[in-house]
K.L.:
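The structure under discussion is supplied below as structure tokens; questions concerning it will follow.
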Amino acid sequence: MAGVGGPTGGAPLTAGGAAVDLATLLAGPVVPAARGLLGCVITAGGVRVRLTEVEAYGGVGADEASHAHRGETARNRVMFGPPGRLYVYFTYGLHWCLNVVCGPAGTASAVLLRAGEVVDGLELARRRRPAARVDRDLARGPARLAQVLGLDGTANGADLLDPSGPVRLAPPAQAPDPARVRSGPRVGVAGAEDRPWRFWLDGEPTVSPYRRRVRRHR
DNA sequence: GATGCGATTCACT
DNA sequence: GTGAATCGCATCG
């Protein structure tokens with residue numbers, strides 16, 4: 001059933017039974033986009049990572065946990081742009097996190113890339129993350145994923161579908177078994193715990209452990 | 001203009 | 001399990 005007759009030049013992938021290309025998937029609603037991103041391969045800085053865990057974030061007024069919730073700012077501007085772009089933000093004074101912008105321009109939804117498996121450039125990856133004692137920890141966590149790819153704020157706004165860009169996204173060679181896709185509450189997010197917008201591939205060792213938001217001392 | 005805390009990670013107890 | 005590191009943004013006065 002899969003992989004027959006990709007109509008356009010884009011490589012086909014299977015999502016919910018229909019063959020669509022990546023650009024089409026990312027232009028649509030964020031939740032199916034997040035699911036479809038599982039198994040995709042992101043390439044940057046000589047390292048390739050297969051995504052095993054992602055989280056969906058909604059737009060203005062739709063998702064209290066989203067950076068875009070309160071409207072457009074200098075930081076989140078990329079989220080309001082066209083889909084398929086990379087939104088990079090800096091947090092805790094030392095970490096970078098990667099997101100894929102979804103939906104048509106103006107919707108400001110995005111998918112946070114939380115974890116993945118390094119499938120190429122292993123030695124480079126190890127050198128960038130000396131703290132990782134085992135390979136499965138190389139990209140196990142959003143900031144680790146960014147670090148292993150050698151990405152920071154300078155990559156903000158990059159077009160992931162541009163083959164000549166610094167960061168590229170490609171559909172999986174083989175779509176993951178839909179039965180292996182699990183969902184649950186997002187990590188480190190206060191409120192909206194009822195929204196199971198975290199998606200991961202069951203059984204993958206690179207999926208990060210779930211941690212509820214830490215209560216903060218004041 | 002000042003202040004508090006974050007879509008986190010690492011080291012230590 | 002707890003705390004520190006450390007910068008920018010959002011919020012408040």
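In this text the structure is predicted, and so the values were computed from the model without any measurement. Convention: sequence-line order gives letters A, B, ...; per-chain numbering from 1.
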K.L.:
So, using salt bridge (charged side-chain N to carboxylate O under 4.0 Å, His left out) as the criterion, who are the partners of E204(A) when residues are at least two apart?
P.N.:
R50(A), R180(A)
K.L.:
Could you tell me how far apart Q147(A) (CD) and dT8(B) (C1') are, to the nearest whole angstrom?
P.N.:
11 Å
K.L.:
Do R75(A) and Y87(A) pass the side-chain contact (heavy atoms from CB on, under 4.5 Å) test, and can you show the C-alpha distance, the side-chain angles, and the key distance before you say yes or no?
P.N.:
CA-CA 9 Å; R75(A) 173 171 68 156; Y87(A) 166 51; 3.6 Å; yes
K.L.:
Which nucleotide in the list dT11(C), dT9(B), dA7(B) gets nearest to the side chain of Y89(A)?
P.N.:
dA7(B)
K.L.:
Run V30(A) and V111(A) through side-chain contact (heavy atoms from CB on, under 4.5 Å) and show every step you take.
P.N.:
CA-CA 7 Å; V30(A) 68; V111(A) 176; 3.8 Å; yes
K.L.:
Can you tell me how far C1' of dT8(B) sits from CG of D152(A), to the nearest Å?
P.N.:
16 Å
K.L.:
Under a 4.0 Å heavy-atom cut-off, which of residues 112-121 of chain A touch DNA chain B?
P.N.:
L112(A), R114(A)
K.L.:
Got a sec, which pairs hit ring pair (Phe, Tyr, Trp, His ring centres under 6.0 Å) with one end in residues 93-117 of chain A, sequence neighbours left out?
P.N.:
F90(A)-W96(A)
K.L.:
If we ignore hydrogens and angles and just use 3.5 Å, is the side chain of S66(A) paired with the main-chain N or O of G59(A) as donor and acceptor?
P.N.:
no
K.L.:
Would you please name every residue forming a side chain to side chain donor-acceptor pair (under 3.5 Å) with E72(A), sequence neighbours left out?
P.N.:
R77(A)
K.L.:
Using the side chain to side chain donor-acceptor pair (under 3.5 Å) criterion, which residues pair with S183(A)? Sequence neighbours excluded.
P.N.:
none
K.L.:
Can you tell me how far C1' of dC9(C) sits from NE2 of H95(A), to the nearest Å?
P.N.:
17 Å
K.L.:
Could you tell me how far dG1(C) sits from dA7(B) if I compare only their C1' atoms? Round to whole Å.
P.N.:
22 Å
K.L.:
Test of understanding: with side-chain contact (heavy atoms from CB on, under 4.5 Å), list the residues that count as partners of A132(A), not counting sequence neighbours.
P.N.:
R129(A), D137(A), L138(A)
K.L.:
Without decimals, in angstroms, what is the distance between H69(A) NE2 and dT11(C) C1'?
P.N.:
15 Å
K.L.:
Measure from CG on N99(A) to P on dT8(B) and round the result to the nearest Å.
P.N.:
11 Å
K.L.:
If you look only at distance, which donor and acceptor atoms sit under 3.5 Å apart when one is on a side chain in residues 164-176 of chain A and the other is two or more places apart or in another chain?
P.N.:
from, atom 1, to, atom 2, distance (Å)
S164(A), OG, D162(A), OD1, 2.9
S164(A), OG, D162(A), OD2, 3.4
R168(A), NH1, G165(A), O, 2.8

K.L.:
Take the protein atom CZ of R70(A) and the nucleotide atom C1' of dC5(B), then report the distance between them rounded to whole Å.
P.N.:
13 Å
K.L.:
Distance check, P atoms only: dA2(B) and dT6(C), in whole angstrom units.
P.N.:
22 Å
K.L.:
Pick out the pairs of N or O atoms, protein on one side and nucleotides 6-8 of chain C on the other, that lie under 3.5 Å.
P.N.:
from, atom 1, to, atom 2, distance (Å)
dT6(C), O2, Y92(A), O, 2.5

K.L.:
Could you measure between the two P atoms, the one in dA4(C) and the one in dG4(B), and give it in whole Å?
P.N.:
16 Å
K.L.:
With respect to the phosphate group of dG1(C), does any side-chain polar atom (N or O) of R211(A) fall under 4.0 Å of OP1 or OP2?
P.N.:
no
K.L.:
dA10(C) P sits how many Å from N76(A) CG, rounded?
P.N.:
7 Å
K.L.:
Figure out the OH/P separation between Y210(A) and dT8(B), and round it to whole Å.
P.N.:
11 Å
K.L.:
Please list, chain by chain and in numerical order, all residues satisfying salt bridge (charged side-chain N to carboxylate O under 4.0 Å, His left out) with D202(A), sequence neighbours excluded.
P.N.:
R182(A)
K.L.:
In dot-bracket notation, what is the pairing pattern of DNA chain B, taking Watson-Crick (N1-N3 plus N6-O4 or O6-N4) and G-U wobble (N1-O2 and O6-N3) contacts under 3.5 Å, with [ ] crossing and | for other strands?
P.N.:
||||||.|||||.
K.L.:
Taking 4.0 Å as the cut-off, does a side-chain nitrogen or oxygen of H67(A) come that near to OP1 or OP2 on dC9(C)?
P.N.:
no
K.L.:
Got a sec, which residues hit side chain to side chain donor-acceptor pair (under 3.5 Å) with E53(A), two or more places apart in sequence or on another chain?
P.N.:
R114(A), R198(A), S208(A)
K.L.:
Considering residues at least two apart in sequence or located in another chain, which fulfil the side chain to side chain donor-acceptor pair (under 3.5 Å) criterion with D135(A)?
P.N.:
R126(A)
